[in-house]
Number of protein chains: 2
Amino acid sequence: MSKTLPFRQAPIPLKASCHTCSLSKLCLPLAVNETDLESLEDIVQQGRIYNRGEHIFDQSTSFRSCFAVRSGAVKTSIVSEDGEEQITGFFLPGELVGLDSMSGDFYACTAKALERTSICEFPVQKLEELTSRLPDLQHHMYQLMSQEIQHSHQLTMLLSKNTAEERIAALLLSLSSRFQRRRLSGIRFSLPMARNDIANFLGLAVETVSRVFTRFQNQGLIRARGREVELLDIPALQGVSRELSRQVCP
Amino acid sequence: MSKTLPFRQAPIPLKASCHTCSLSKLCLPLAVNETDLESLEDIVQQGRIYNRGEHIFDQSTSFRSCFAVRSGAVKTSIVSEDGEEQITGFFLPGELVGLDSMSGDFYACTAKALERTSICEFPVQKLEELTSRLPDLQHHMYQLMSQEIQHSHQLTMLLSKNTAEERIAALLLSLSSRFQRRRLSGIRFSLPMARNDIANFLGLAVETVSRVFTRFQNQGLIRARGREVELLDIPALQGVSRELSRQVCP
DNA sequence: GTTAAAATTTGATCAGGATCAATTTGGACG
DNA sequence: CGTCCAAATTGATCCTGATCAAATTTTAAC
């Protein structure tokens with residue numbers, strides 16, 4: 001495949017360095033002090049790089065680990081008996097994927113890279129041992145899972161009570177604030193997902209998403225060209241979304 | 001208030017007895033062995049009885065405990081900025097309320113008794129200390145929270161992809177199997193919640209719920225009189241709901 | 001660069017369920 | 001037992017967003 005490389009690619013380093021990771025204030029390390037960070041590093045494995053569209057795991061993969069996004073973006077989805085897919089979340093760097101799978105022997109969802117993505121792997125067995133030893137880390141895990149429940153409930157309300165415009169405004173604002181927390185622009189950014197994914201996640205048809213985007217554009221709320229988006233009038237968008245003080249997904 | 005009682009009501013016993021509780025195979029005790037059960041009993045408090053409509057906590061209550069339903073039923077709901085309510089779950093005996101609140105200083109939702117209900121209280125601080133000591137209990141907590149995330153995702157899919165009939169069939173089947181697991185009839189039972197609650201939970205109008213109930217009745221799928229329901233043709237209901245191998249809420 | 005396939009946009013029509021309105025039923029309580 | 005209020009049902013109409021269809025743009029592959 002790679003004719004230019006005379007040797008096999010170097011084996012992936014087993015140990016990731018949370019110390020030097022710029023996400024340590026967002027990711028799991030935020031819950032452990034300097035001395036315990038090494039214990040966490042001992043169990044983390046630097047995962048490989050996934051290209052756009054590659055599966056990280058699916059519902060037939062036996063559950064072994066949770067994954068932190070290091071760079072890129074991930075979507076998770078579940079599939080119903082009749083084959084319909086429902087996207088359950090979009091995950092940005094520093095966010096933990098797989099918390100919904102900590103019961104049962106297989107992953108409860110499918111995780112797919114939305115763009116070129118690198119991840120860190122936390123084997124749950126070791127993670128559970130570690131959280132037993134480190135109460136702060138255990139507490140943080142409870143918090144993370146609790147937040148994921150909350151966000152899912154927010155999404156439920158969004159789907160249950162809000163119009164197409166409100167849903168899309170809420171998603172744009174959620175992405176905006178999450179990018180901002182990562183020291184990226186919350187005004188101008190590149191959507192990690194396709195229109196189709198947005199539609200699926202928000203319980204809409206693609207056509208509706210497309211129409212709302214153009215409507216927002218005509219109203220001067222956003223400027224969108226493909227996946228590139230610029231939020232021109234955030235207060236107005238907040239007015240449209242009416243609620244969702246917290247974000248709509250992790 | 002209670003003129004007939006010569007003395008104040010006896011103080012509520014601080015310690016609940018999981019040993020003698022018929023729900024111990026459903027509730028938290030299922031995760032601990034005989035010897036550790038006492039540690040769990042040490043932290044559990046027998047809560048008081050709530051009448052229909054009484055609040056157990058709301059979003060302005062500072063978070064202190066999770067609650068297990070002992071008898072009766074509980075609904076949880078969140079309220080958006082503009083005052084709209086969204087019911088996020090119905091909880092039956094043996095189920096744990098408050099897992100969504102384990103981050104932040106206040107409860108993330110409001111919990112209200114749907115009928116005369118008794119509960120057991122687990123102060124989270126003590127619970128976290130205990131789960132640190134008992135890996136099996138910690139593991140079980142992760143499982144419970146993970147399941148709650150899964151169920152919420154299932155609900156998301158239901159709201160996003162399914163018709164009114166499918167949603168209602170799914171809810172009836174979920175209740176049925178949950179009653180059955182509690183050794184109650186899964187065929188004939190009393191709905192703990194009003195039509196309004198069903199509508200709110202499933203993202204429908206009350207009128208729609210009512211119409212679907214009568215339609216199901218005319219098709220011979222169910223017999224319903226007020227809150228009393230009899231499932232006459234479960235396979236047909238499963239056909240209607242098409243999916244939801246797992247239940248739609250805890 | 002050229003071509004094929006996928007994603008996005010735009011238009012026209014249709015339907016499921018919301019909304020508005022009016023009864024009817026049922027339950028709590030004096 | 002009758003009264004009153006909330007819950008549930010039923011009917012008629014309307015609207016948001018789905019669906020079907022087609023054009024256009026973007027992306028990927030060669």
Side-chain angles (χ1 to χ4, degrees), chain A residues 1 51-54 75 84-87 112-116 157-171 190-219 222-229 240 242, chain B residues 1 51-54 75 84-87 112 114-116 157-172 190-219 222-229 240 242:
Chain A
M1 202 148 282
N51 286 315
R52 175 187 285 203
E54 271 192 281
K75 73 169 176 185
E84 276 203 288
E85 186 186 21
Q86 172 67 52
I87 295 176
K112 194 184 260 195
L114 287 168
E115 47 194 69
R116 197 172 167 77
M157 172 174 270
L158 200 68
L159 296 185
S160 164
K161 303 264 189 298
N162 293 84
T163 65
E165 294 198 349
E166 291 163 345
R167 298 182 206 183
I168 291 173
L171 177 61
S190 176
L191 294 170
M193 73 293 281
R195 297 285 187 276
N196 225 327
D197 293 330
I198 295 177
N200 184 297
F201 180 65
L202 295 177
L204 299 169
V206 205
E207 296 93 327
T208 303
V209 173
S210 184
R211 276 184 252 270
V212 170
F213 265 74
T214 42
R215 215 177 303 156
F216 280 175
Q217 189 146 237
N218 293 338
Q219 296 168 347
I222 66 171
R223 222 169 52 80
R225 181 97 110 257
R227 294 195 174 194
E228 292 303 319
V229 172
V240 172
R242 287 187 315 156
Chain B
M1 202 146 280
N51 286 314
R52 176 188 286 203
E54 274 193 279
K75 75 169 175 183
E84 276 205 287
E85 187 185 20
Q86 172 68 51
I87 295 176
K112 196 186 258 195
L114 285 166
E115 49 192 69
R116 198 172 166 75
M157 173 175 269
L158 200 68
L159 297 185
S160 164
K161 303 264 190 296
N162 293 82
T163 65
E165 294 199 349
E166 291 162 347
R167 299 183 204 183
I168 291 173
L171 177 61
L172 289 175
S190 176
L191 294 170
M193 72 294 281
R195 298 283 188 278
N196 225 326
D197 292 331
I198 296 177
N200 183 297
F201 180 64
L202 295 178
L204 299 169
V206 204
E207 295 93 326
T208 304
V209 174
S210 185
R211 276 184 251 272
V212 171
F213 265 74
T214 42
R215 214 177 303 157
F216 280 173
Q217 190 147 236
N218 294 337
Q219 296 169 348
I222 67 171
R223 222 168 53 80
R225 180 100 109 256
R227 293 195 175 195
E228 293 302 318
V229 173
V240 172
R242 286 187 315 158

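Letters A, B, ... are given to chains in the order of the sequence lines, protein chains preceding strands, and every chain is numbered from 1. Predicted model only: the values in this text are computed from it and were never measured. Heavy-atom basis, side chains included; hydrogens, waters and symmetry copies ignored.
The side chain of A/Thr214 lies closest to C/dT9, out of D/dA8, C/dT9, D/dT10.
Counting to the nearest Å, the C1' atom of C/dT8 and the CG atom of A/Asp197 are 13 Å from each other. Counting to the nearest Å, the P atom of C/dT9 and the CD1 atom of A/Ile168 are 11 Å from each other. Spacing between atom CG of A/Asn162 and atom P of D/dC15 amounts to 20 Å, rounded to whole angstrom units. Here the P atom of nucleotide D/dA7 and the CZ atom of B/Arg227 are 9 Å apart, to the nearest Å. The CD atom of B/Gln217 sits 12 Å away from the C1' atom of D/dT9 (whole-angstrom rounding). B/Glu228 has its CD atom 13 Å from the P atom of C/dG26, to the nearest Å. Look at CZ on B/Arg52: it is 11 Å from C1' on D/dA6, rounded to the nearest Å. To the nearest angstrom, C1' of D/dG17 lies 16 Å from CG of A/Asn200.
Summarising the local packing, CZ of A/Arg227 is surrounded by more than 12 heavy atoms from other residues, nucleotides or ligands at distances under 6.0 Å.
Between A/Ala164 and A/Arg225, the residue anchored nearer the 5' end of DNA chain D, judged by the nucleotide with its closest heavy atom, is A/Ala164. Two residues, A/Glu207 and B/Arg211, neighbour DNA chain D, and the one matched to the more 5' nucleotide by heavy-atom proximity is B/Arg211.
As judged by a 4.0 angstrom heavy-atom cut-off over every strand, A/Gly53 is placed among residues making no nucleic acid contact. Residue contacts shown for B/Ala205 include a base, since a base heavy atom lies under 4.0 Å away.
Listed for the B/Glu228 side chain is no donor-acceptor partner under 3.5 Å among the backbone atoms of B/Arg225. Here the side chain of B/Glu54 pairs a donor or acceptor atom with the backbone of B/Asn51 at under 3.5 angstrom. Side-chain atoms of A/Gln217 come within 3.5 Å of backbone N or O of A/Ala224 as a donor-acceptor pair.
Phosphate contact (OP1/OP2 of C/dG16, side-chain N/O of B/Thr208, threshold under 4.0 Å): absent.
Two residues are said to be in side-chain contact when any heavy atoms from C-beta on lie closer than 4.5 Å; B/Arg195 and B/Phe213 meet this criterion.
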